[in-house]
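In what follows, a single structure is set out as structure tokens and then discussed.
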There are 2 protein chains.
Amino acid sequence: MPRVSSKIPGVQGCAVERTLSLIDGKWKIVVLYKLLRGTLRFNELRRLIPNVTQRMLTHQLRELEADGLIVRTVYAQVPPRVEYALSVRGRSLEPVLMAMKEWGDTNLASDEAQAA
Amino acid sequence: MPRVSSKIPGVQGCAVERTLSLIDGKWKIVVLYKLLRGTLRFNELRRLIPNVTQRMLTHQLRELEADGLIVRTVYAQVPPRVEYALSVRGRSLEPVLMAMKEWGDTNLASDEAQAA
DNA sequence: CATCACGGTATCCTTTTTGACACTATGGGC
DNA sequence: GCCCATAGTGTCAAAAAGGATACCGTGATG
């Protein structure tokens, strides 16, 4: 991911870039997507997202949390119980996710090389 | 960037991920942004995007072209003249870019740590 | 003759990101 | 006593992305 490019604040397009930097990361979007439907526990996410490793999932969740997009709730139990949910801010990303989904659905459907 | 994660097609959220993979890359979004306003030549883009190196700009433009988002037109002149413009497909990304911009404008404005 | 602008390439190196794999603590079930 | 599940962490290594720098050919300009 880009991870914020220009050090100079105020550069045009900065908002877009910064937004992108928050949802970039190989699994973040999927995580956000899954969470749109409701709170999930760590291993539920793991099962919903095949191929993601524990380390990666943890890492992405930590970044999403640090960016204030999700909320992590730990229940002091044994066995541990940790729940992840979208924060208000995270849920506000829904239009962005949806715009991307719609674009993808109509523009990436079945074919690959369709320039214009 | 993620660059497409799951090999298994049909995974939910795939469209979003693939869309993301197209606009990821440290400068792609800025390039697309600049091109929303009209055709630009290589060095015009360079001047509009401070900090980008020639190598990076070329690279990003090539990927955008390969993905069918922009169109590259070479005029057989000396000195060379190469123009870049959004393709129809590229322009159709406008809602996505705009959704990201609006989100960024309202959610990243001035502050950083505002969880919820 | 030397220099500039154009639109790149080629090469090398560093940083960032991702992945594999092992390991941890606790309590319950068999 | 041994294994399972939970929700991680730590270490190491590979791969990908990004950046710095130098170079190319041409024609006009000085």
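Computation of the quantities below employed the complete heavy-atom set of this structure, encompassing side-chain atoms and omitting hydrogens, waters and symmetry-equivalent molecules. So you know, we letter chains A, B, ... as the sequences are listed, proteins then strands, and number each from 1.
- Following rounding to the nearest Å, A:Leu20 (CG) and C:dT17 (P) show an atom-to-atom distance of 12 Å.
- Partners of A:Arg55 under the side chain to side chain contact (heavy atoms under 4.5 Å, CB included) rule, at least two apart in sequence or in another chain, are A:Thr53.
- Between B:Arg72 and C:dG8 there is a side-chain polar atom (N or O) within less than 4.0 angstrom of OP1 or OP2.
- A:Thr53 comes within 4.0 angstrom of sugar-phosphate atoms only, judged by non-hydrogen atoms across all strands, and of no base.
- The salt bridge (charged side-chain N to carboxylate O under 4.0 Å, His left out) contacts involving residues 69-86 of chain B comprise B:Arg81-B:Glu83, where partners must be two or more places apart or lie in separate chains.
- Within the 3.5 Å criterion, the main-chain N or O of B:Met100 finds a donor-acceptor partner in the side chain of A:Thr19.
- By the side chain to side chain contact (heavy atoms under 4.5 Å, CB included) test, B:Gln54 is found to be paired with B:Phe42, B:Arg46, residues two or more places apart in sequence or in another chain being considered.
- Side-chain N/O atoms of B:Arg55 and base N/O atoms of C:dT11 include a donor-acceptor pair closer than 3.5 Å.
- Listed pair B:Lys26 / C:dT16 fails the phosphate criterion, with no side-chain N or O lying under 4.0 Å from OP1 or OP2.
- Legend: residues meeting side-chain hydrogen bond (donor to acceptor under 3.5 Å, both in side chains) with B:Asp105, ordered by chain and number and at least two apart, are B:Lys101.
- For D:dA7, neither phosphate oxygen OP1 nor OP2 lies less than 4.0 angstrom from any side-chain nitrogen or oxygen of A:Arg62.
- B:Gln60 places its CD atom 12 Å from the C1' atom of D:dG19, with the value rounded to the nearest Å.
- The CG-P distance, from A:Asn43 to D:dA7, rounds to 5 Å in whole Å.
- Between the CG atom of B:Leu57 and the C1' atom of C:dG7 there is a distance of 10 Å, rounded to whole Å.
- Hydrophobic cluster membership differs between B:Tyr75 and B:Val78, with clusters built from Ile, Leu, Val, Met, Phe, Trp and Tyr side chains linked at under 4.5 angstrom.
- A donor and an acceptor atom never sit less than 3.5 Å apart when one is taken from the side chain of A:Arg46 and the other from the base of D:dT6.
- Heavy atoms of A:Tyr84 sit under 4.0 angstrom from primed sugar atoms or phosphate atoms, though from no base atom.
- Atom CG in B:Leu64 sits roughly 14 Å away from atom P in D:dA17 (whole-Å rounding).
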Protein proximity profile, nucleotides 23-30 of chain C - base contact B, sugar-phosphate-only contact S, no contact -, cut-off 4.0 Å on heavy atoms: ----S---
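- Between the P atom of D:dA5 and the OH atom of A:Tyr75 lies a distance of 23 Å, rounded to the nearest Å.
- A straight line from CE of A:Met56 to P of D:dT9 spans 12 Å, rounded to a whole angstrom.
- When rounded to the nearest whole Å, the span between CD of B:Gln77 and C1' of D:dG27 equals 12 Å.
- Applying the side chain to side chain contact (heavy atoms under 4.5 Å, CB included) test to B:Glu44 and every residue at least two apart in sequence or in another chain returns B:Leu40, B:Arg41, B:Arg47.
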